[in-house]
Protein chains: 2
Amino acid sequence: MNIGEAAKASGISRKMIRYYEEIALLEPGRTANGYRVYAPQDIHTLRFISAARRLGFSVPDVKALLALWQDRSRSSADVKRLTDGHLRHLRARVAELNAMIATLETLAGACDGDERPDCPIINRIASTAEPDPA
Amino acid sequence: MNIGEAAKASGISRKMIRYYEEIALLEPGRTANGYRVYAPQDIHTLRFISAARRLGFSVPDVKALLALWQDRSRSSADVKRLTDGHLRHLRARVAELNAMIATLETLAGACDGDERPDCPIINRIASTAEPDPA
DNA sequence: CTTGACCCTCCCATGGTGGTAAGGTTCACG
DNA sequence: CGTGAACCTTACCACCATGGGAGGGTCAAG
């Protein structure tokens, strides 16, 4: 299986497949002329990577997950620990984004959105930016 | 005002202040020996940038906001349009993250987290990754 | 005059992803 | 058998933000 077919089979671009190899997430074989060859197990690994990425795991986390996956003597506690850390990260990010959304919704709701220059959104950003009264 | 003082006054690192200058968000003066000099207006601009970044606006968006801020004949509709676009982006991102969180919470909830290898989290990622039955 | 605290520019790294250029290979069709 | 398309290879560059560091200039206080 060539890299092009592997890309189709895994839904990962050729570029990213080469990148994942570069950072040692997988190690496909090579033909005599240097072409990468993907065995079914490599495709499975690529799809594992893709699934983990879709769950938002960082590439280093994916690397750790792959190692755990391939380690038959892993403890599920390790997987759970990694997942819980990732969940904390995701929840923190969502909280940040929700705070931004709340502020922006308030401001946008107060903005007339007409042809006049007066705008609470930009006023708010500018006033937050005013020099310290100190 | 030197870059160090500007950094303290704006809460933006020296590195980023130079970067913002490089991408033409501001243009401080220079002393004879090449040191950057920040006027009060520059500090205000830096703080504007910081406030907009904290609201999650991308640097290109911040550039547009700065231009609108400095344009006394702007229409508030332009500001609102930009903000609404940003809001859509934020909401979409939150929805993605929430979907990941929901899946991961379910899986983590079903994972014993003990010393045994069996783990629904990794099983799920691996089975999502199985070859197409096709 | 030395020392320490600044400042300068230039390069490198990250995390993921895309592009592109210059070259080699393989295959099917004529 | 030749040739062109469709692959493959490596090696760069880009993005967005941000941080680090090297190597060197400047300035003020002691």
Side-chain angles (χ1 to χ4, degrees), chain A residues 1-39 42-43 46 48-66 85-86 89-90 93 96-97 100, chain B residues 1-39 42-43 45-46 48-66 82 85-86 89-90 93 96-97 100:
Chain A
M1 215 168 182
N2 274 341
I3 196 172
E5 298 167 277
K8 268 178 216 152
S10 65
I12 302 179
S13 70
R14 293 166 179 78
K15 272 291 187 189
M16 290 312 297
I17 293 179
R18 291 197 195 100
Y19 172 67
Y20 292 145
E21 176 182 347
E22 194 186 322
I23 62 174
L25 296 195
L26 75 163
E27 214 186 326
R30 297 274 180 154
T31 62
N33 57 38
Y35 284 21
R36 290 171 178 82
V37 187
Y38 296 85
D42 295 319
I43 304 302
L46 286 171
F48 183 99
I49 294 168
S50 174
R53 293 286 297 137
R54 279 197 303 275
L55 286 172
F57 286 100
S58 68
V59 168
D61 277 358
V62 172
K63 194 167 193 170
L65 282 172
L66 267 177
H86 179 42
H89 185 249
L90 288 175
R93 186 74 186 130
E96 284 175 9
L97 296 182
M100 294 173 188
Chain B
M1 216 169 182
N2 275 341
I3 196 171
E5 299 166 277
K8 268 176 216 153
S10 66
I12 300 179
S13 69
R14 292 168 179 78
K15 273 288 183 187
M16 289 313 296
I17 294 178
R18 293 196 194 101
Y19 171 67
Y20 291 146
E21 176 182 349
E22 194 186 320
I23 62 174
L25 297 194
L26 75 163
E27 214 187 326
R30 296 272 182 157
T31 62
N33 57 36
Y35 284 21
R36 290 172 178 81
V37 188
Y38 296 85
D42 294 320
I43 304 302
T45 298
L46 286 171
F48 183 99
I49 293 169
S50 173
R53 293 286 297 136
R54 279 195 303 274
L55 287 173
F57 285 101
S58 68
V59 168
D61 278 358
V62 171
K63 193 166 193 171
L65 282 172
L66 267 176
L82 206 148
H86 179 42
H89 185 248
L90 289 175
R93 185 76 187 127
E96 284 175 9
L97 297 181
M100 294 173 188

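Values in this document were obtained by computation on a predicted structure and should not be read as measured data. So you know, we letter chains A, B, ... as the sequences are listed, proteins then strands, and number each from 1.
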* To do: Output, in order, the C-alpha distance, side-chain angles, deciding distance and verdict of salt bridge (charged side-chain N to carboxylate O under 4.0 Å, His left out) for B:K8 and B:E5.
  => CA-CA 5 Å; B:K8 268 176 216 153; B:E5 299 166 277; over 6 Å; no

Whole-Å distance separating the [atom1] atom of [X] from the [atom2] atom of [N]:
X     : N      : atom1 : atom2 : answer
B:K8  : C:dC6  : NZ    : P     : 6 Å
A:E5  : C:dC27 : CD    : P     : 11 Å
B:M1  : C:dC6  : CE    : C1'   : 15 Å
B:H89 : D:dC16 : NE2   : P     : 13 Å
A:F57 : C:dG15 : CZ    : C1'   : 17 Å
B:I17 : D:dA17 : CD1   : P     : 17 Å
B:Y19 : D:dG20 : OH    : P     : 17 Å
A:Y38 : D:dC8  : OH    : P     : 9 Å

* To do: Please check the phosphate of C:dT17 (OP1 and OP2 only) for any side-chain N or O of A:R53 closer than 4.0 Å.
  =>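 For A:R53, the contact criterion (side-chain N or O under 4.0 Å from OP1 or OP2 of C:dT17) is met.
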
* Asked: Are A:S13 and C:dG18 close enough that a side-chain N or O sits under 4.0 Å from OP1 or OP2?
  ->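 Yes, because at least one side-chain N or O of A:S13 sits under 4.0 Å from OP1 or OP2 of C:dG18.
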
* Asked: Quick one: the side chain of B:K15 and the base of D:dG21, do they pair up donor-acceptor inside 3.5 Å?
  ->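 Side chain to base: pair present.
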
If you look at every heavy atom in [X] and [Y], which pair is closest and at what distance?
X     : Y     : result
A:S13 : A:A7  : C-CB, 4.3 Å
B:I17 : B:Y38 : CG2-OH, 3.2 Å
A:R36 : A:E21 : NE-OE1, 2.5 Å

* **B:N2 (side chain) donor-acceptor with B:G4 (main chain) under 3.5 angstrom** =>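 Not a single qualifying donor-acceptor pair exists.
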
* To do: Measure from the side-chain N and O atoms of B:H86 to the backbone N and O of B:D61, and report whether any donor-acceptor pair falls under 3.5 Å.
  =>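 Looks like no, no N/O pair under 3.5 Å.
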
* N-O pairing of B:E96 and B:R93 below 4.0 Å ->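 Yes, charged N to carboxylate O under 4.0 Å.
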
* When you measure from every atom of DNA chain C, which of residues 20-36 of chain A have a heavy atom less than 4.0 Å away? ->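 By residue number: A:Y20, A:N33, A:Y35.
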
* Asked: Under 4.0 angstrom, heavy atoms only, what part of the nucleic acid is A:R14 near: base, sugar-phosphate, or nothing?
  ->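 Contact class for A:R14: sugar-phosphate only.
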
